Amino acid sequence: MNNSRAKNLWLLIIPALLFLAAAVCAQGYITKVEDSGFEKHTRPAVSFAHDAHNEAAGIESCNTCHHMYEDGKLQDQASIGMECSSCHLDGYSGRLELIRVYHLQCKSCHLDQKAGPVQCAQCHRKEE
Amino acid sequence: MHEIYQLASGILVWVALIVFVGGTAGRLIRMAITARKKDAVIYQYFSFYYALRSILHWIIPFGSMSMRARPAMTLVAFIFHICLIITPIFLAAHVILIAESWGIGWAYLPNAVADIMTILVILGCLFFLLRRIVQRDVRYLSTPGDFVLLLVVAAPFVTGIWTYHQWSGFEIAGIVHMLSGELMLICLPFTRLFHMALFPFTRGYAGSEAGGVRRARDW
């Protein structure tokens with residue numbers, strides 16, 4: 001009985017670890033900010049080299065960007081692997097709200113740090 | 001660049017809005033006081049019916065004789081003014097920036113439509129510029145300030161389409177876009193651009209006099 005419960009536990013843990021490893025590795029290959037919440041784009045998608053950005057910006061903790069809130073409180077755990085739209089699309093006006101939080105996430109940090117793009121066209125570059 | 005962006009998208013927006021709203025209100029109040037002193041009789045014969053009748057005829061394309069006499073000017077002027085007012089209010093990028101700052105939002109135009117409307121505003125400015133140079137009576141009435149004012153109106157649209165299409169130097173164009181838009185709002189109550197707020201009063205005045213005193217049409 002005990003043995004089978006342990007086996008069941010491993011059946012849960014192993015895929016979870018694999019998923020986490022895949023998610024962490026996949027970050028390195030992220031080159032564009034894409035979200036299934038955008039059915040159609042108002043502007044071209046933003047190019048974003050995840051690892052290079054974080055190295056340059058000195059970001060070490062995942063939840064600096066991948067934040068997780070519960071009852072309005074910032075949690076220690078990170079929301080890795082989740083799209084922003086999974087929380088932020090149920091706001092007051094749908095797609096505009098999603099655009100708003102994406103901009104606040106990137107732009108307000110760039111303005112605080114006085115580094116990185118802030119104008120529309122600096123991020124939403126036309127395909128070259 | 002971050003400092004100037006922050007300035008242009010922050011405090012200067014407030015300065016521009018306060019000068020625009022405050023200046024407009026102040027000038028309209030002063031106009032009412034001056035009229036009371038120098039032309040008090042207008043308060044006697046002012047009529048909402050004749051005022052609205054006149055305004056209505058002058059905001060409908062070709063609704064007045066003078067508009068029918070100059071069809072090209074009428075067409076350009078209507079297209080120009082509609083695009084000038086609608087484009088900035090319903091531009092996607094502007095609606096998004098307002099949503100970011102104030103948490104309110106409304107529907108916005110497709111980019112391609114806004115693009116065409118911006119080009120129409122710029123072409124309108126070119127038309128008015130040529131008209132001031134070529135047409136003799138208009139040239140006679142033009143002052144250097146009128147030409148500067150045309151530039152003030154054209155600048156936010158030229159730099160806006162420039163930064164949208166990411167033509168070379170678009171980052172500078174983006175900053176100039178914000179600053180020139182603010183400059184236009186600041187200029188509005190203190191220049192010829194004030195016809196935006198004066199229009200209903202000048203028409204109302206003429207309409208009341210034509211309808212109530214002369215018993216004639218003023219369109």
Side-chain angles (χ1 to χ4, degrees), chain A residues 32-35 37-48 53 56-59 65 67 69 72 83-85 87-128, chain B residues 1-13 87-115 118 156-182:
Chain A
K32 263 195 159 65
V33 180
E34 272 167 328
D35 193 308
F38 294 117
E39 305 124 24
K40 59 174 189 187
H41 289 264
T42 311
R43 295 255 177 146
V46 174
S47 291
F48 178 73
H53 172 268
I59 297 172
C65 302
H67 55 222
Y69 283 88
E83 291 187 309
C84 299
S85 60
C87 294
H88 288 289
L89 200 54
D90 50 357
Y92 64 96
S93 60
R95 202 152 56 95
L96 187 60
E97 170 65 2
L98 188 58
I99 294 170
R100 190 181 79 93
V101 296
Y102 261 109
H103 286 172
L104 289 180
Q105 176 85 311
C106 301
K107 203 171 102 180
S108 56
C109 190
H110 291 173
L111 282 173
D112 284 346
Q113 302 296 325
K114 299 206 185 309
V118 290
Q119 288 184 40
C120 313
Q122 286 176 318
C123 287
H124 297 280
R125 297 305 306 269
K126 291 217 151 126
E127 306 283 339
E128 273 142 14
Chain B
M1 200 65 127
H2 287 86
E3 283 84 359
I4 192 157
Y5 177 88
Q6 213 146 18
L7 196 71
S9 65
I11 188 134
L12 289 182
V13 175
T87 316
I89 298 175
F90 295 102
L91 187 84
H94 291 179
V95 174
I96 288 163
L97 282 174
I98 288 168
E100 279 172 45
S101 298
W102 300 335
I104 51 167
W106 49 83
Y108 45 81
L109 292 164
N111 287 328
V113 174
D115 224 22
T118 305
F157 291 87
V158 172
T159 51
I161 202 166
W162 189 336
T163 191
Y164 171 71
H165 285 283
Q166 304 174 17
W167 296 324
S168 129
F170 68 84
E171 281 150 318
I172 306 280
I175 297 288
V176 178
H177 172 69
M178 295 191 282
L179 295 175
S180 58
E182 284 148 5

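Only a predicted model underlies this, so the values are computations on that prediction, with no experimental measurement involved. Values below: all heavy atoms of this structure, side chains included; hydrogens, waters and symmetry mates excluded.
The minimum heavy-atom distance between Gln166(B) and His124(A), with the atom names listed, is NE2-O, 2.6 Å. Nearest heavy-atom pair, His2(B) versus Val118(A), reported as atom, atom and distance to 0.1 Å: CD2-CG1, 3.8 Å. Nearest heavy-atom pair, Leu104(A) versus Glu100(B), reported as atom, atom and distance to 0.1 Å: CD2-O, 4.2 Å.
Each of Gln119(A), Gln122(A), His110(A) was checked for a side chain to side chain contact (heavy atoms under 4.5 Å, CB included) with Tyr5(B), and the lone residue meeting it is Gln119(A).
With a 4.5 angstrom heavy-atom cutoff, Leu97(B) touches chain A only via side-chain atoms.
Side-chain contact check for Arg100(A) versus Ile96(B): every heavy-atom pair is 4.5 Å or farther apart. Counting heavy atoms from C-beta outward, Arg43(A) and Tyr164(B) have side chains that approach closer than 4.5 Å. Contact check for Tyr108(B) versus Leu96(A): side-chain heavy atoms found under the 4.5 Å cut-off.
Contact count versus chain A (heavy atoms, under 4.5 Å) is highest, among His165(B), Met1(B), Met178(B), for His165(B).
Expressed to the nearest 0.5 Å, how far NE2 of His177(B) lies from SG of Cys120(A) amounts to 8.0 Å.
Judged by distance alone, the side chain of Glu3(B) and the main-chain N or O of Lys114(A) form no donor-acceptor pair under 3.5 Å.
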